[in-house]
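Worksheet for the structure shown next.
Letters A, B, ... mirror the listed sequences (proteins, then strands); counts begin at 1.
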Amino acid sequence: MKKNVRVRFAPSPTGGLHLGGVRTVLYNYLFARQHNGKFILRIEDTDQSRYMPGAEEYIFETLAWCGLLPDESTKHGGGFGPYRQSERKVSYKQYAERLVTDGYAYYAFDTPQELEAMRNELKSDVNPNPQYDRLVRKKMKNSLTLPADEVKAFLQEGTPHVIRIKMPEGETVSFTDMIRGEVSFDTSLVDDKVLLKADGMPTYHLAVVVDDYLMQISHAFRGEEWLSSAPVHVLLWRYLFGEKAMPQWAHLPLILGPNGKLSKRDGAKYGFPVFAMNWNDRKTGELTAGFKENGFLPVAFVNMLAMLGWNDGTEQELFSMDELIQKFSMERVHKAGAKFDYEKAKWFNHEWIKRTDDETLGQELLKQYVAHSQTTENVLPEGHPELLKKCTAIIPLIKERCTFLTDVYQQASFFFIAPKEVDAAAVKPKWNAEKKKFFEELINELLSLQHWQGLAIENAFKNLATNSGIKPGELQLPFRIMLVGGKFGPPVFEIAEILGREETTLRIENTLPQFD
RNA sequence: GGCCCGUUCGUCUAAGGGUUAGGACACCACCCUUUCACGGUGGUGAUACGAGUUCGAAUCUCGUACGGGCUACCA
């Protein structure tokens, strides 16, 4: 038996690649890496009602951004393909037929109308969701109730039918979940799930078991919402391949929104992303925001996600992917669902931005500057070593003020463009002729300054202030407002250093009249 | 309704019978800084409830409550 860890999700990001889905992928990935195993991606694309154009590409883009690309998939190949469920159709039917022959499943010929009629009839306050179970099946049109020749005739005529599992009565099915330990179910209380649909396609229940077997999956992780259908899967394993060959299951706790399971709606409603990357629904034109486009670093996103339901037992909270691979353990994954907190997610990103090197952030700043600038066209980082150097020099001054990657230009814009409006109101009340004179003299002082360097500028500034009989502190705010336009930003003399002698004196000159 | 899973500060969590129940986010205060942040120090704040086992329970057992999931020819 090969030691593989497998992952599966729907091609629709709606169902598959929200926060919880990516975390499932992440835990799969970490577990596979730790055990030197294979991380397999099987695409579920059978449900027409949910199939989304572009979803498969989106899945790979997202996983690439997160650094979670699989070892085997539709894109990466592998020995157990095809990896698209719709391309595996033939084999499912054969297994379903075998179950019927062996007496573990049966044909059901009930029409959708008949099913609905049954449900309406049985529906009551004590039974709001009637199921097709061991009691109900006795009254329905299937190969257990119909005479054999009638069944044969139906099949020969090609009457639409499904194959349902025949749930045994009074048995206890149990299995050991990697996270929850022993979980057991009374088969009398489980319904006869459809295994093969009328169109010949398998349901998830059949497909997952058959594929896990054929792809030699040893560990299967999925969300907790699948726990209640686990008895069906265990039974199918028992009937088809033997329980011994069954993969080890791990049902991961859910990621919760403000109320219940986190949904796409929650994101729009409460103003935070729920997808890793922007998802553009080509059918509805709806755009669902992603962490990437909101200015998250992949390392921060992955770190945040990993900590939603797992910790290493110490007080460490910041983990790189390599550290996660090293320290992750299934035993320490929580049983209870975790409510997503965007504030904490922002904190992770802030921490990782502070840990990102200046060169990388400098590139990012340059990119954003180019994007924001209307005057510069065709400016590329490679073509402007001077500009890149400036950007990289700015980063140490601003990086700890950025929560999002998208903040860098916003925090640094005044280095590139003189403020259009200055907060003169903050200066005027305390403005006087002496101060004005100070700044006029400051211009000359700065022009003749020998070393254009933060500390030297500061000394010149303070000496001049003292000589003018004004406290240096009272002059710093006006100076700041002249340079950046408002009461914000890094230390003012360091700003002046990067701005350069010419630009600094120019800004003083230009704003001085506005304070009168 | 039935079945399954769960329950420690507002949130994420540590403590696998003996701790003043620890940390992080958020919040508040103070310090640093004559800007705004960062940072530093401190503070508010939790074992859902009830029984039982035990010298001793957040931790083990049972019950109750609450929360979540599932209950489709969706995944």
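- For the P atoms, the distance linking rA58(B) with rG50(B) amounts to 12 Å, nearest Å.
- Using a cut-off of 4.0 Å between Lys/Arg side-chain N and Asp/Glu carboxylate O, D211(A) and R42(A) are scored as salt-bridged.
- rG16(B) and rC73(B) have their P atoms separated by 47 Å, given to the nearest Å.
- Side-chain contact of E56(A) with T74(A): a donor-acceptor pair under 3.5 Å is present, judged by distance alone.
- Distance from the side chain of L189(A) is smallest to rG2(B) among rA24(B), rG2(B), rC73(B).
- Taking the nucleotide of RNA chain B with the nearest heavy atom to each of E351(A) and F185(A), the more 5' of the two is matched to F185(A).
- For L308(A), whose side chain is taken as the heavy atoms from C-beta onward, the closest listed nucleotide among rC12(B), rC25(B), rC4(B) is rC12(B).
- Atom C1' of nucleotide rC38(B) and atom CD1 of I353(A) are separated by 13 Å, given to the nearest angstrom.
- Base orientation of rC38(B): syn (glycosidic angle within 90° of 0).
- Between rG69(B), rG23(B), rC4(B), one nucleotide has an atom nearer to the side chain of S228(A) than all others, and that is rG69(B).
- Here the side chain of R480(A) is nearest to one of rU35(B), rG69(B), rC38(B), namely rU35(B).
- Y107(A) and F154(A) have their aromatic ring centers separated by at least 6.0 angstrom.
- Checked against rC73(B), rC12(B), rG69(B), the side chain of K339(A) finds its nearest nucleotide in rC12(B).
- Closest to the K354(A) side chain, of the nucleotides rC73(B), rG1(B), rC38(B), is rC38(B).
- Spacing between rU47(B) and rU11(B) at atom P, rounded to whole Å, works out to 12 Å.
- With hydrogens and angles left out, the side chain of K344(A) and the base of rA24(B) share a donor-acceptor pair within 3.5 Å.
- Going from the C1' atom of rU61(B) to that of rG45(B) covers 31 Å, rounded to whole Å.
- Under the Watson-Crick or G-U wobble criterion, with both distances below 3.5 Å, rG16(B) has no partner in any strand shown.
- Between the CD1 atom of I165(A) and the P atom of rA72(B) there is a distance of 16 Å, given to the nearest Å.
- With a 3.5 Å ceiling on both atom-pair distances, the Watson-Crick or G-U wobble partner of rG10(B) is rC25(B).
- Applying ring-ring contact (aromatic ring centres under 6.0 Å, His included) to F296(A) and the options F301(A), F348(A), W347(A), F404(A) leaves one that passes, F404(A).
- Across the P atoms, rC9(B) and rA37(B) are found 31 Å apart, a figure rounded to whole Å.
- Checking rC25(B), rG23(B), rC73(B) against the side-chain heavy atoms of E317(A) singles out rG23(B) as nearest.
- The CZ-P distance, from F461(A) to rU34(B), rounds to 12 Å in whole Å.
- Within 4.0 Å of V484(A), counting heavy atoms only, lies no atom of the nucleic acid at all.
- Taking the side chain of E224(A) as heavy atoms from C-beta on, and the options rC5(B), rC3(B), rU13(B), the nearest nucleotide is rC5(B).
- Side-chain atoms of Q368(A) and Q410(A) include no donor-acceptor pair closer than 3.5 Å.
- Using a 4.0 Å heavy-atom criterion, one finds that P491(A) contacts the bases of the nucleic acid, with or without backbone contacts as well.
- Contacts of T314(A) with the nucleic acid, taken as non-hydrogen atoms under 4.0 Å apart, are absent.
- For the P atom pair drawn from rU7(B) and rA26(B), the interatomic distance equals 26 Å after rounding to whole Å.
- Partner assigned to rG39(B) is rC31(B), using Watson-Crick or G-U wobble distances below 3.5 angstrom.
- The CD1-P distance, from I179(A) to rG16(B), rounds to 21 Å in whole Å.
- Taking the nucleotide of RNA chain B with the nearest heavy atom to each of Y132(A) and K487(A), the more 5' of the two is matched to K487(A).
- Within the structure, every side-chain polar atom (N or O) of N311(A) is placed at least 4.0 Å from both OP1 and OP2 of rU13(B).
- Atom pair E474(A):CD and rU34(B):P shows a separation of 14 Å (rounding to whole Å applied).
- If you take atom P in rC32(B) and the same atom in rA21(B), they sit 34 Å apart, rounded to whole Å.
- For M178(A) and rC5(B), the CE to P distance is 18 Å, given to the nearest whole Å.
- No engagement by G486(A) is indicated, since no non-hydrogen atom pair under 4.0 Å with the nucleic acid exists.
- At the heavy-atom level, Q476(A) lies nowhere under 4.0 Å from the strands shown.
- Residue contacts for D125(A): at a heavy-atom cut-off of 4.0 Å it reaches the sugar-phosphate backbone alone, with no base atom in range.
- Ring pair W226(A)/H233(A) is tilted by interplanar angle, where 30° to 60° counts as tilted.
- The side-chain contact (heavy atoms from CB on, under 4.5 Å) with P70(A) is formed by just one residue from the set I40(A), V25(A), L41(A), N28(A); it is L41(A).
- If you check every strand for non-hydrogen atoms under 4.0 Å, A198(A) touches a base.
- Comparing rC25(B), rC38(B), rU35(B) by their closest approach to the side chain of W347(A) singles out rC25(B).
- Distance OH (Y270(A)) to P (rU11(B)): 14 Å, rounded to an integer number of Å.
- Atom CH2 of W310(A) and atom P of rA14(B) are 11 Å apart (whole Å).
- On the P atoms, rC55(B) is 25 Å away from rA48(B), given to the nearest whole Å.
- Phosphate contact (OP1/OP2 of rC74(B), side-chain N/O of K197(A), threshold under 4.0 Å): present.
- Nearest to the side chain of H334(A), among rG6(B), rA14(B), rU35(B), sits rA14(B).
- Within the nucleic acid shown, P490(A) comes within 4.0 Å of at least one base atom, counting heavy atoms only.
- Ring centers of F438(A) and F461(A): under 6.0 Å apart, within the cut-off.
- Across all strands shown, nothing is found opposite rG45(B) as a Watson-Crick or G-U wobble partner with both distances under 3.5 Å.
- Within a 6.0 Å sphere centred on NZ of K166(A), other residues, nucleotides and ligands contribute 12 heavy atoms or fewer.
- Across all strands shown, D423(A) has no heavy atoms under 4.0 Å from either base or sugar-phosphate atoms.
- Remark: rA51(B) base-pairs with rU61(B). Criterion, Watson-Crick or G-U wobble with two distances under 3.5 Å.
- In this structure, V194(A) reaches the sugar-phosphate backbone alone: every heavy-atom distance under 4.0 Å involves primed, P, OP1 or OP2 atoms, never a base.
- F175(A) and F185(A) have parallel rings, their planes meeting at less than 30° on a 0 to 90° scale where 60° marks the start of perpendicular.
- No engagement by H251(A) is indicated, since no non-hydrogen atom pair under 4.0 Å with the nucleic acid exists.
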